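A short write-up of the structure that comes next.
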Number of protein chains: 2
Amino acid sequence: MGVKERKLRQKEEVRCQILTAAWDIVEDEGWNALSMRRIADKIEYSAPIIYGHFENKEALLMEFTRQGHIKLLQLVKEAKERFEDPAQQLEAMWMAYWDFAFENTPYYQLMFGVEMGCCEWKANEIPEVAEGRKVIDGVLQQLIASSKNPDADSCLKFYSLWSVVHGLISINLTRRMYDERAFREDGHGDLNQAILKDAISGIINRIKE
Amino acid sequence: MGVKERKLRQKEEVRCQILTAAWDIVEDEGWNALSMRRIADKIEYSAPIIYGHFENKEALLMEFTRQGHIKLLQLVKEAKERFEDPAQQLEAMWMAYWDFAFENTPYYQLMFGVEMGCCEWKANEIPEVAEGRKVIDGVLQQLIASSKNPDADSCLKFYSLWSVVHGLISINLTRRMYDERAFREDGHGDLNQAILKDAISGIINRIKE
DNA sequence: TAAAAAAGTTAACACCGTTAGCAAAACTAC
DNA sequence: GTAGTTTTGCTAACGGTGTTAACTTTTTTA
């Protein structure tokens, strides 16, 4: 009697509906517009049923955080595989990170608390985070090992790179650039690309010495 | 009959009470705990009177944003005046920016949308923002002019520096560092200082060539 | 002292996340 | 097939949010 299986399938269906409904709202109107009641409206249920699938709103956001990190990791890995040279790999990976932020802005905001509160997670809750760090750090260590200064700290360089990329992304997403003329059109403008490439290649060249 | 003057003084007094009450709440419990009703409770008025002093909550936050930028500008200017050498000035200014972020975290969060939504402002609404940019850019141009590569773009370098500093601050404030051991104690740890100094001096040295 | 203006109140609206209690449907066992 | 049990989903409610309207009280003016 596959009644249990069917019920499980149905429940999974509703869970999926909740997530897609939520995502539709967020993509259309941003995180501020997302509420339990609006999700319920969209899937034609009453609000409390959501709590049968997610403990609370935080848990729902956590699921999206997870999704975001999985997607980001995949893109970063793909970027790496397009090259053999560690320096090229590194640049491609951070460019992939950059592109992810602007092609999946709601994800990025949630994952890194840009213009919104983001949920806290323990280290083991999203293994993709640690894996992403390891992938980048591996390339970084390769680059350092073959450089003229093989004792450099990969951790230091990692955070330098991450900071400059995340910082520039944040500044763009909050639209807090000082020189508005230069950034007028969109967040992918030439000046941004120039800054990014200059900063990244600057750090990479300093590693290679 | 100085009744109008007295009334104006009293109104100003209440406005001030609102601001300090709000700030007390934010410092104690963070931005999420700030609500119009809680402010009203604290100043022993009913909530609607706040709307006689600020058009809405956004306007109240705007006032704090302004305050933050004024304070930040002052600290950056003071840092500059402690040195003569442009390179030293630059480093000191960004260190002042860094210190400001951790000694006035609520301000910083509000001003730059870290872990919360920040209010939008037009360029002329907070003149201190443009002035701060000009102060830093001036030093940057001095440094570039006396370098071996005097055609470098100061705008590019400004955003590189700002991005790396703001990025590292954001990462610290959202506690999203990958390597938790290294950041265990506080946000001013040794690793942070190392990353910051390495990144900043890296960019500065690359300017000087 | 009466009229006008100002100040401050309460109550309400439309939301929010979340929980308790209840009705209806679905399934199980006889 | 029906009785009893479980599951499902609902409405209503609680305590909170920002904000506005209407009313009352105080203060100032004439």
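Here is the naming used below: chain letters follow the sequence lines, and residue numbers restart at 1 for every chain. All values derive from a computational prediction rather than experimental measurement.
- Counting to the nearest Å, the C1' atom of dG18(D) and the CD1 atom of Ile18(B) are 15 Å from each other.
- Between the P atom of dT9(C) and the CD1 atom of Ile50(B) lies a distance of 11 Å, rounded to the nearest Å.
- Ring to ring, Tyr107(A) and Phe112(A) are not that close: their centroids are 6.0 angstrom or more apart.
- Atom CG of Asp41(B) and atom C1' of dT9(C) are 14 Å apart (whole Å).
- Here Glu125(B) pairs with Met62(B), Trp121(B), Lys122(B) under the side chain to side chain contact (heavy atoms under 4.5 Å, CB included) rule; sequence neighbours left out.
- In this structure, CG of Asn32(B) is placed 16 Å from P of dG16(D), rounded to the nearest angstrom.
- By the side chain to side chain contact (heavy atoms under 4.5 Å, CB included) test, Glu55(A) pairs with Ala59(A), sequence neighbours left out.
- Applying the side chain to side chain contact (heavy atoms under 4.5 Å, CB included) criterion to Asp41(B), with sequence neighbours excluded, gives no partner residue.
- Across the protein-nucleic acid pair, Leu61(B) atom CG and dT19(D) atom C1' stand 15 Å apart, rounded to whole Å.
- In this structure, the NZ atom of Lys11(B) is 6 Å from the P atom of dA7(C), given to the nearest Å.
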### Base-contact (B) and sugar-phosphate-only (S) positions in nucleotides 12-19 of chain C, heavy-atom cut-off under 4.0 Å, - elsewhere
B---BBBB

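- For Ser160(A), the side chain to side chain contact (heavy atoms under 4.5 Å, CB included) partners two or more places apart in sequence, or in a different chain, are Ile203(A), Ile195(B), Asp198(B), Ala199(B).
- Between the OH atom of Tyr45(A) and the P atom of dT11(D) there is a distance of 13 Å, given to the nearest Å.
- Judged as a side-chain hydrogen bond (donor to acceptor under 3.5 Å, both in side chains), the pairs with a partner in residues 81-91 of chain B (not counting sequence neighbours) are, in order, Glu91(B)-Lys197(B).
- Per the geometry, NE2 belonging to His53(A) stands 7 Å off P belonging to dG9(D), to the nearest Å.
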